[in-house]
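Heavy-atom basis, side chains included; hydrogens, waters and symmetry copies ignored. For reference, positions follow the sequence shown, starting with 1.
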Amino acid sequence: MTYLTILSGSAGRLVISLVYFLIVANTLTLGEFGLFATASASGLILSRLLAFGFVSPVYRVATVKPRLLGAYLAGFAGLACLSVPVILLAAAGVYAALFADRLALLPFALIIGAEIVGWRLVEVVAIVNNGLRRFREAALLVIVGSSLRTLAAILFYLYGHASLAIWAWAYLAATLATALLALAFFLPKLRWRLAHRLYPRRMADALYASAAEIVFYVQAELDKLLVLALAGERTAGLYAIAMRVVDLTAMPVRSFNQMLVQKIMQERGLGGGLGRRALIEFGIALISVAGLAAIILLLKPFPGALGRNVSEAAYLFLPMLLVPAFRNLVEYHAELLYARELTGSRIALLCAVTALKAALVSWVMTRFSAGDAWALWLNAVFGLVYILSAAVTYRLLATAPRTAPSIARPAGR
């Protein structure tokens with residue numbers, strides 16, 4: 001029943017997110033969509049700095065000691081304020097490095113603010129609800145947030161003056177409205193109080209979790225930033241559309257990952273041996289490829305079904321057919337290491353994966369960005385990343401000691 005609740009939330013969000021994506025991707029130009037996607041990816045990475053990762057202790061307390069939740073939420077709020085200067089400094093560095101000559105500062109700031117102040121707070125409230133086992137409320141909140149973004153996209157389309165500067169305002173408004181609804185109606189009623197003695201001993205866990213999250217999202221989003229830097233706005237737009245379609249295939253996989261992580265933590269390992277692990281990987285790969293294949297088959301008789309810009313990028317989907325499988329399996333490996341509390345090894349592996357992917361994507365884009373061959377080469381890029389991830393993950397799991405049951409985290413964004 002819990003899995004069905006989580007899966008229904010993912011299914012609802014999948015449909016709504018698809019509508020939202022199609023409207024935005026086809027209303028903006030390819031170059032503007034590329035800039036929006038990369039700015040949003042930057043905000044997603046920077047949002048992990050909010051409160052220096054103290055969301056991890058908040059979730060653990062919500063799960064095992066909910067009576068202390070008010071004190072930990074107060075600590076999160078205080079640390080969030082303290083982290084703002086660090087986030088601003090990091091955002092300034094990202095803007096100077098990637099966006100200064102491509103995107104005005106105000107739209108960039110609005111998009112970054114939407115991710116850091118708006119959507120990250122929504123995620124925190126959803127995480128708290130998951131910790132309290134209020135899975136229905138957490139799923140509903142995410143659907144509400146996706147629905148408000150979709151409504152903003154519809155109004156943006158109907159406005160008739162499409163530009164990234166206008167969309168940035170609409171995006172910020174929808175995201176902040178979701179955050180306000182989350183705080184007003186989805187956050188449990190608690191008495192917030194600062195308890196300074198509780199926080200110092202939890203900061204190591206928070207900083208470790210923050211580092212792991214940042215490395216994970218850098219690994220997931222860095223390729224978009226590299227494509228923008230090496231190949232320009234239009235190719236970044238095509239790449240962002242293709243990868244967004246690929247990302248949609250991951251939603252049912254993430255629901256499975258969440259339940260599997262909880263099972264591993266309860267049973268202190270993943271039983272069944274090599275055969276079971278291979279079967280799970282095959283299932284994830286099959287579902288991932290089938291999702292992209294279904295979209296390709298839809299577009300075959302109806303090439304304009306997903307809109308002008310998406311149709312312009314649709315020729316990339318077939319050459320990239322194996323990318324969803326490799327990408328989702330790397331994410332699955334990261335969840336396995338988290339479940340076995342191999343956080344340090346997880347960070348090290350993600351750093352290695354990030355470095356390999358950055359080198360390979362840079363090589364492909366510097367040699368093939370003028371044509372379309374880069375799409376086919378992405379199968380090799382993500383395939384090599386998968387081989388590294390699988391080899392290290394299963395070696396670590398084979399040598400890891402059995403640990404006491406821990407606390408599962410909610411699924412990713």
Exercise. Hey, mind stepping through L350 and R346 against side chain to side chain contact (heavy atoms under 4.5 Å, CB included) and telling me if it holds?
Worked result: CA-CA 6 Å; L350 287 172; R346 180 173 181 256; 4.0 Å; yes

Problem set entry | Nearest heavy-atom neighbours spanning N309 and A25 | ND2-O, 2.8 Å

Problem set entry | pair Y171-L110: side-chain heavy atoms closer than 4.5 Å | no

Seminar exercise, completed: Here the gap from L318 atom CG to L297 atom CG, rounded to the nearest 0.5 Å, amounts to 9.5 Å

For this session: Could you pull out all residues at least two apart from F108 that satisfy ring-ring contact (aromatic ring centres under 6.0 Å, His included)?
Result: Y95, F99

For this session: Report yes if some heavy atom in the side chain of R67 is under 4.5 Å from a heavy atom in the side chain of V61; otherwise report no.
Result: no

For this session: Answer whether the closest heavy-atom distance between the side chains of V124 and Y59 falls below 4.5 Å.
Result: no

Exercise. When rounded to the nearest 0.5 angstrom, what distance separates CD in E331 from CD in Q219?
Worked result: 8.5 Å

Problem set entry | F76/V55 under side chain to side chain contact (heavy atoms under 4.5 Å, CB included): CA gap, chis, key distance, verdict | CA-CA 7 Å; F76 173 85; V55 65; 4.3 Å; yes

Problem set entry | Nearest-0.5 Å distance, CG of residue D223 to CG of residue L228 | 12.0 Å

Problem set entry | Residues E32 and R102 bridged, charged N to O under 4.0 Å | no

Throw together a table of side-chain donor-acceptor distances under 3.5 angstrom for residues 178-190, partners on residues two or more places apart or in other chains.
residue, atom, partner, partner atom, Å
T178, OG1, A174, O, 2.8
K189, NZ, A184, O, 3.2

Under 3.5 Å, which donor-acceptor pairs do the side chains of residues 84-94 form with other protein atoms, sequence neighbours left out?
none

For this session: With sequence neighbours left out, write down each residue that passes side-chain hydrogen bond (donor to acceptor under 3.5 Å, both in side chains) with D372, or none if nothing qualifies.
Result: Y315

Problem set entry | Exam field: side chain T235 to backbone G232, donor-acceptor pair closer than 3.5 Å | no

Exercise. Could you give the distance from CG (L28) to CZ (F156), rounded to the nearest 0.5 Å?
Worked result: 4.5 Å

Problem set entry | Y199: ring-ring contact (aromatic ring centres under 6.0 Å, His included) partners, not counting sequence neighbours | F54

Problem set entry | Which residues share a salt bridge (Lys or Arg N to Asp or Glu O under 4.0 Å) with R134, sequence neighbours left out | none

Exercise. Which residue pairs pass the side-chain hydrogen bond (donor to acceptor under 3.5 Å, both in side chains) test with at least one member in residues 287-300, sequence neighbours excluded?
Worked result: S288-N328

For this session: Could you list the residues that satisfy ring-ring contact (aromatic ring centres under 6.0 Å, His included) with Y159, not counting sequence neighbours?
Result: H161

Problem set entry | Closest non-hydrogen atom pair, V289 against A325 | CG2-CB, 3.8 Å

Exercise. Is the backbone of G118 close enough, under 3.5 Å, to the side chain of T175 for a donor and an acceptor to pair up by distance?
Worked result: no

Exercise. Just wondering, do I287 and T249 contact through their side chains at under 4.5 Å, heavy atoms?
Worked result: no

Problem set entry | For F282, all residues meeting ring-ring contact (aromatic ring centres under 6.0 Å, His included), sequence neighbours excluded | none

Problem set entry | Sole candidate of E115, E221, E123 that passes salt bridge (charged side-chain N to carboxylate O under 4.0 Å, His left out) when paired with R48 | E123

Exercise. V381 versus W363: any side-chain heavy-atom pair under 4.5 Å?
Worked result: no

Problem set entry | Side-chain heavy-atom pair V144, R149 within 4.5 angstrom cut-off | no

Problem set entry | Contacts of R234 that satisfy salt bridge (Lys or Arg N to Asp or Glu O under 4.0 Å) - sequence neighbours left out | E312

For this session: Begin from the C-alpha positions of L226 and M365 and carry the test side chain to side chain contact (heavy atoms under 4.5 Å, CB included) through to its verdict.
Result: CA-CA 8 Å; L226 287 172; M365 286 300 164; over 6 Å; no

Exercise. Y332 versus I280: any side-chain heavy-atom pair under 4.5 Å?
Worked result: yes

Problem set entry | Heavy-atom side-chain contact between L360 and L378 under 4.5 Å | no

Exercise. Nearest 0.5 Å, what's the CZ-OH distance between R244 and Y239?
Worked result: 14.0 Å

Exercise. Listed by chain and number, what are the salt bridge (Lys or Arg N to Asp or Glu O under 4.0 Å) partners of R202, not counting sequence neighbours?
Worked result: none

Problem set entry | Full working for side chain to side chain contact (heavy atoms under 4.5 Å, CB included) between M320 and L322 | CA-CA 6 Å; M320 295 172 59; L322 298 180; over 6 Å; no

Seminar exercise, completed: dist I45:CD1 -> L222:CG (nearest 0.5 Å) comes out at 7.0 Å

Exercise. Are the side chain of T38 and the backbone of L35 linked by a donor-acceptor contact shorter than 3.5 Å?
Worked result: yes

Show me the side-chain donor-acceptor pairs of residues 384-391 shorter than 3.5 Å, one per line, residues at least two apart or across chains.
residue, atom, partner, partner atom, Å
Y386, OH, E281, OE1, 2.5
S389, OG, H333, ND1, 2.8

Problem set entry | Whether N129 side chain and E137 backbone form a donor-acceptor pair below 3.5 Å | no

Exercise. Any sub-3.5 Å donor-acceptor pair from N130's side-chain atoms to A138's backbone N or O?
Worked result: no

